[in-house]
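To start, the structure under review is shown below, and the notes come after it.
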Amino acid sequence: MKKRNMLIAIIACIAILAIGGIRIIQIERNYQANQLILEDCINNYGTVTIEQKYFWSLTSAACEEN
């Protein structure tokens with residue numbers, strides 16, 4: 001019984017670390033994509049709009065040309 005509980009705890013920790021790692025990669029890729037949009041928008045004198053729909057969602061960047 002003790003070995004089974006330890007195995008469940010190890011599997012749970014690995015799952016949490018994997019999910020966290022995947023989320024960090026998603027955030028980094030989203031940041032890089034938004035950074036390109038924002039730099040291009042500012043260089044063209046546009047208005048930047050950053051939006052986050054839900055608490056756990058990634059942000060989205062948009063540019064409105066003036």
Side-chain angles (χ1 to χ4, degrees):
M1 187 73 163
K2 192 173 186 178
K3 284 186 177 183
R4 187 176 129 213
N5 289 344
M6 182 64 96
L7 183 62
I8 290 171
I10 291 171
I11 291 172
C13 288
I14 291 171
I16 290 169
L17 289 173
I19 292 168
I22 291 169
R23 186 67 178 163
I24 289 171
I25 291 169
Q26 286 177 333
I27 291 169
E28 176 65 23
R29 288 183 180 165
N30 185 58
Y31 170 78
Q32 290 173 354
N34 284 345
Q35 191 70 22
L36 293 173
I37 293 169
L38 299 177
E39 287 176 1
D40 187 48
C41 186
I42 291 171
N43 290 338
N44 292 323
Y45 304 103
T47 302
V48 175
T49 304
I50 298 176
E51 183 178 307
Q52 183 176 1
K53 294 183 181 180
Y54 309 107
F55 179 72
W56 292 106
S57 69
L58 299 172
T59 58
S60 61
C63 181
E64 295 177 15
E65 298 293 330
N66 291 332

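Computed from a predicted structure; not experimentally measured.
In terms of heavy atoms, G46 sits closest to C63 at CA-SG, 4.2 Å. Heavy atoms only, all atoms of each residue included: S57 and Q52 are closest at O-NE2, 3.2 Å.
A side-chain contact (heavy atoms from CB on, under 4.5 Å) with D40 is found for one member of N44, L36, I37, L38 and no other, namely N44.
Put simply, OH on Y31 and CG on L58 are 14.0 Å apart, with the number rounded to the nearest 0.5 Å. For the atom pair CD1 of I50 and CG of N34, the computed distance is 7.0 Å after rounding to the nearest 0.5 Å. Once rounded to the nearest 0.5 Å, the distance linking CD1 of I10 with CG of N5 reads 11.0 Å.
Summarising the local packing, CZ of R29 is surrounded by 12 or fewer heavy atoms from other residues, nucleotides or ligands at distances under 6.0 Å.
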